[in-house]
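These notes concern the structure reproduced below.
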Amino acid sequence: MNLIENLKSKISNENKKIVFELSNYILDNKITTLEELTKKENELFTYNGKVLNTEERINYCLDIIKYSSDDYNLLTFEEIQIYKRLKNELQTSISIEQKILNLILIFSMTNRDILFLTETYNFILSNKI
């Protein structure tokens, strides 16, 4: 099965927005393997010729949302409550995996590009998204 077929097999009402976002990214970039997806993710997280490690990637994404008060204008009241919970959890001692998951969800809610491509794919396949 290819990447898109794998994603399609896991689509639900709760995750369809993220599945479509990732699927479109894969199609637009003509990605056919998980290795190519990981390579593309590494390119997104490369600064000054250095590929950021996981902690640096998380911090980079945290910086993006740190001062993003405009995000609230995009969301319904219910979504704002979810957004606040996810953002507040990022400041606690949750696992690295949970931080990445929260960031993926926040970025999707606020219509930002997916940066954690491989993790999003794996979370979808493991029914965590």
Working to the nearest 0.5 Å, report the span between [atom1] of [X] and [atom2] of [Y].
X	Y	atom1	atom2	value
Thr38	Glu119	OG1	CD	8.0 Å
Leu105	Ile100	CG	CD1	12.0 Å
Ile80	Phe77	CD1	CZ	7.5 Å
Asn2	Ile4	CG	CD1	6.5 Å
Ile96	Leu101	CD1	CG	13.0 Å
Arg57	Leu103	CZ	CG	12.5 Å

*Could I get the full list of ring pair (Phe, Tyr, Trp, His ring centres under 6.0 Å) partners for Phe116, not counting sequence neighbours?*
Phe45
*Provide the full list of salt bridge (Lys or Arg N to Asp or Glu O under 4.0 Å) pairs with a residue in residues 88-99, sequence neighbours left out, each pair given once.*
Arg85-Glu89, Glu97-Lys128
*Without hydrogens or angle criteria, can the side chains of Asn6 and Tyr121 be said to hold a donor-acceptor pair below 3.5 Å?*
yes
_Just checking Lys17: does its NZ atom have more than 12 heavy atoms from other residues, nucleotides or ligands closer to it than 6.0 angstrom?_
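Above 12, so yes.
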*In this structure, are over 12 heavy atoms from other groups packed under 6.0 Å from Lys30 atom NZ?*
no
*Which word best sums up how the rings of Tyr83 and Tyr72 line up, parallel for under 30°, tilted for 30 to 60°, or perpendicular for over 60°?*
perpendicular
*For Ile11 and Val19, work out which heavy atoms get closest and say how close.*
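In this case the closest contact between Ile11 and Val19 is CD1-CG1, 4.1 Å.
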For the residue pair [X] and [Y], establish whether any side-chain heavy-atom pair is separated by less than 4.5 Å.
X	Y	value
Phe107	Ile64	yes
Asp113	Leu44	no
Thr118	Leu34	yes
Lys40	Tyr25	yes
Leu22	Leu117	yes
Glu36	Leu3	no

*Inspect the contact between Glu35 and Lys39 and indicate whether a charged nitrogen and a carboxylate oxygen are less than 4.0 angstrom apart.*
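No salt bridge links Lys39 with Glu35.
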*For a side chain to side chain contact (heavy atoms under 4.5 Å, CB included) with Lys87, tell me which candidate from Asp71, Leu62, Ile106, Asn102 qualifies.*
Ile106
*Could you tell me whether a side-chain N or O of Asn15 sits under 3.5 Å from a main-chain N or O of Ile124, the two making a donor and an acceptor?*
no
